[in-house]
Amino acid sequence: MYIPMIFFTIIIEKRKLTPKQLEAKYMQQQALKRIEEQKHQIVTQFPEFLIR
């Protein structure tokens, strides 16, 4: 049975973030950057341990 796709049209609206949510997102991004920098520093100090 064929169902036309017009019945399945979905409209996605972009959520508006509150200032508190924006701050939490920013803090999360900063934490991820710090973790990546720490990981990079460890890799540069001990590259022989990371070869598999």
Side-chain angles (χ1 to χ4, degrees):
M1 175 188 268
Y2 175 74
I3 301 173
M5 289 302 291
I6 194 165
F7 294 125
F8 298 103
T9 302
I10 298 173
I11 297 173
I12 300 174
E13 294 181 17
K14 187 168 183 173
R15 285 192 313 144
K16 299 210 175 9
L17 299 176
T18 64
K20 194 165 191 104
Q21 289 174 323
L22 289 171
E23 181 184 1
K25 188 174 184 180
Y26 175 77
M27 296 299 286
Q28 183 181 28
Q29 289 173 344
Q30 294 303 313
L32 288 172
K33 282 182 186 178
R34 280 196 308 272
I35 291 170
E36 287 295 321
E37 288 174 5
Q38 289 173 352
K39 191 162 73 170
H40 179 70
Q41 288 175 354
I42 292 170
V43 167
T44 56
Q45 289 175 359
F46 307 104
E48 64 273 6
F49 294 112
L50 297 171
I51 298 172
R52 294 182 184 191

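Hydrogens, waters and symmetry mates are skipped; everything else that's a heavy atom, side chains included, is used.
Smallest separation of non-hydrogen atoms from Gln21 and Lys16: OE1-O, 4.2 Å.
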Give the C-alpha distance, both sets of side-chain angles, the deciding distance and a yes or no for salt bridge (Lys or Arg N to Asp or Glu O under 4.0 Å) between Glu37 and Arg34. CA-CA 5 Å; Glu37 288 174 5; Arg34 280 196 308 272; over 6 Å; no
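By the 4.5 Å side-chain criterion applied to Ile, Leu, Val, Met, Phe, Trp and Tyr, Leu32 is assigned to no cluster and stands alone.
Taking a 6.0 Å sphere around CD of Gln45, one finds it holds more than 12 heavy atoms contributed by other residues, nucleotides or ligands.
Each of Gln30, Glu23, Gln28 was compared with Tyr26 under the side chain to side chain contact (heavy atoms under 4.5 Å, CB included) criterion, and only Gln30 meets it.
Among residues two or more places apart in sequence or in another chain, the side chain to side chain contact (heavy atoms under 4.5 Å, CB included) test is passed with Gln38 by none.
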